[in-house]
Amino acid sequence: MTTNSEGQSMGTKCRVCGGRVAEFVDLGDQPTANGFLLPHEVEGEFRFRLAVGACEDCTMVQLMEEVPQELRYHAGYRYQASGSAGHRKHFRTDAEWFLANELTGPDPFIVEIGCNDGVMLSTIAEAGVRHLGVEPSGNVADLARAKGVQVLSAFFDADTAAAVRGAHGAADVIFGANTICHIAHVESLFRGIDALLSDNGIFVFEEPYLATIIEGMAFDQIYDEHVFYFSAGSVRAMAERFGFELVHAEHIAMHGGEVRYTIARPGARTPSASLDALLAEEEAGKLSEPLTFARFGRNVERIRDDLVGLLTHLREQGKTVVGYGAPGKSSTVTTYCGITTDLIPFVVDSTPGKQGHLLPGSHLPVKPPSAFSDAYPDYAVLFAWNHAEEIMAKEQAFRAAGGKWIRFVPEVEVL
Ligand code: SAM
Ligand code: TMP
Ligand code: ZN
């Protein structure tokens, strides 16, 4: 956000094209979503205004205000990509696809931006193929190194990319998953891609999809780390602006519905039919139109009222409720809805680094999964709703004991 000499807001400029960003939803004062706290850290917790708008020129949906990247990614970063069986399987399949289709030359080289704990690159390392993860969060980078993955501890930008090119040569594939939409410095990112990518190389990234959020009401995907909310239309405009071509886009079943984009140098690859189909789908669905965004804003408020209403009703009836999963998303929804321990006394999560901490913003305590299975509650709010299948299969005894799941995306529902 830019301010004038009196400190008044001059509005937010699009990080891609400099156009005006029109705000359409405000989720209030929020923390950084992976900033899990110890009780003594509650005082002085970082907050910022979590609001989202769309560029009136290139349509890119983005945060109105952003949190400095050093506050988001550091040696205490809690998210571990290998935390679910579904993720491990997905990224092994990705790696195998790259090995079979793109890393087939004499001495291929793949770079992953945001390799986290090495969930994808460990398969590449096992195959003995040259690779490098660029990962600023030291704790997860060390987990990747322990799996035999080569990692450079750095933020990816134009300078880092030039250094990698100098040391290792051009990359046949540059990959990023749930990371490219986190990078606010897009111009520097694309200069880095330009410096590092081979002439016929591809830049592939998998990110939360705008339609899943706007049409599927996954409003909890909005948090500080997600600076951008991509659609095929806005990614195409972004690629062109920085001298590249979007050649492929396809739906993938991750995080409730993502899209995998493939970008190449202009003319290097043949655009796919699925890209045209997705662009046409977005056009027909009026995905990036002001009326669609306005409807989303109203629906978010309705879900908040319904969820708080249901939890209040259950409390009055003396029912026990806990939260299941403490993803970054749960910070958005619990903070926005003002959910405190009188409505949900604690949440459980399988990530050791989150246990014993408090959820950012709402400060609900995070306990290990045994706190759930040792004494089943009457209801469990499924904060990790994108892993519903895996969790419900694992927790059949909860249902058998009469327990009920509460979902809130795309609407509040008791299952
Ligand atoms: N790729 C994994 C996945 O899909 O599960 C991890 C995604 S995690 C949400 C985002 C990762 O990107 C974090 O490990 C973070 O430290 C890293 N990251 C954030 N900004 C980055 C940047 N500018 N360059 C490289 N990595 C970055
Ligand atoms: P994600 O939605 O960003 O992948 O995060 C999911 C969170 O849910 C992560 O903190 C791990 C947690 N989780 C469990 O606690 N139990 C489970 O069975 C699964 C699949 C995830
Ligand atoms: Zn723009």
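Just so you know, ligand 1 is whichever comes first in the structure, and atom 1 is the first atom listed for that ligand.
Only side-chain heavy atoms of Ile183 come within less than 4.0 Å of ligand 1; its backbone N, CA, C and O stay farther off. Looking at Phe383 against ligand 2, nothing comes within 4.0 Å, counting heavy atoms. At a heavy-atom cutoff of 4.0 Å, ligand 1 is contacted by the side chain of Glu112 but not by its backbone.
The Ala384 neighbourhood of ligand 2 comprises atoms 8 (O), with distances under 4.0 Å to a heavy atom of that residue. Remark: ligand 2 atoms within the under-4.0 Å shell around heavy atoms of Ser84 are 20 (C). Ligand-side atoms of ligand 2 in range of Lys354: 9 (C), 10 (O), range being under 4.0 angstrom from any heavy atom. Close approach to Thr351 involves these atoms of ligand 2, each under 4.0 Å from a residue heavy atom: 9 (C), 10 (O), 11 (C).
Remark: minimum distance from atom 8 (S) of ligand 1 to any protein heavy atom is reached at Tyr77 OH, 3.6 Å. In terms of protein heavy-atom proximity, atom 11 (C) of ligand 1 is closest to Thr179 OG1, 3.5 Å. With hydrogens left out, the protein atom closest to atom 16 (O) of ligand 1 is Glu135 OE2, 2.5 Å, a heavy atom. Looking only at protein heavy atoms, the nearest one to atom 22 (C) of ligand 1 is Phe156 N, 3.6 Å. Looking only at protein heavy atoms, the nearest one to atom 4 (O) of ligand 1 is Asn178 ND2, 2.8 Å.
Ligand 2 lies within reach of Lys329, whose nearest heavy atom is under 4.0 Å from it. Proximity of His255 to ligand 2 is established by a heavy-atom distance of less than 4.0 Å.
Side-chain contact between Phe98 and Val129 is absent, with no heavy atoms from C-beta onward closer than 4.5 Å.
A ring-centre distance under 6.0 Å is found for Phe372 and Phe398.
Remark: ligand 2 and Tyr324 share no N or O pair separated by less than 3.5 Å (distance only, no angle test). Looking at ligand 2, you'll find an N or O of His387 within less than 3.5 Å of one of its N or O atoms. Polar contact check, Tyr73 against ligand 1: no nitrogen or oxygen pair lies under 3.5 Å apart.
By heavy-atom distance, the residue among Gly118, Gly192, Ala81, Ala177 lying nearest atom 7 (C) of ligand 1 is Ala177. If you check each of Val134, Leu189, Asn116 against atom 6 (C) of ligand 1, the one with the closest non-hydrogen atom is Asn116. The heavy atom nearest to atom 26 (N) of ligand 1, out of those in Pro136, Ser188, Gly138, is found in Pro136. The nearest non-hydrogen atom to atom 11 (C) of ligand 2, considering only Leu382, Asn178, Asp349, Asn386, comes from Asp349.
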Quiz item: Can you check side chain to side chain donor-acceptor pair (under 3.5 Å) on His248 and Ser272, steps first, answer last?
Solution: CA-CA 5 Å; His248 181 66; Ser272 70; 2.7 Å; yes
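Remark: at the Zn ion (ligand 3), atom SG from Cys55 and atom SG from Cys14 enclose 110°, rounded to the nearest 10 degrees.
Residues Thr59 and Arg236 have side chains that never bring a donor and an acceptor to within less than 3.5 angstrom of each other. Looking only at atom types and distance, the side chain of Glu225 has no donor-acceptor partner in the side chain of Tyr79 under 3.5 Å away.
The residues Asp194 and Arg191 are annotated as not salt-bridged, no charged nitrogen and carboxylate oxygen being separated by less than 4.0 angstrom.
Here the closest non-hydrogen pair linking Ala33 and Tyr223 is CB-CD1, 3.4 Å.
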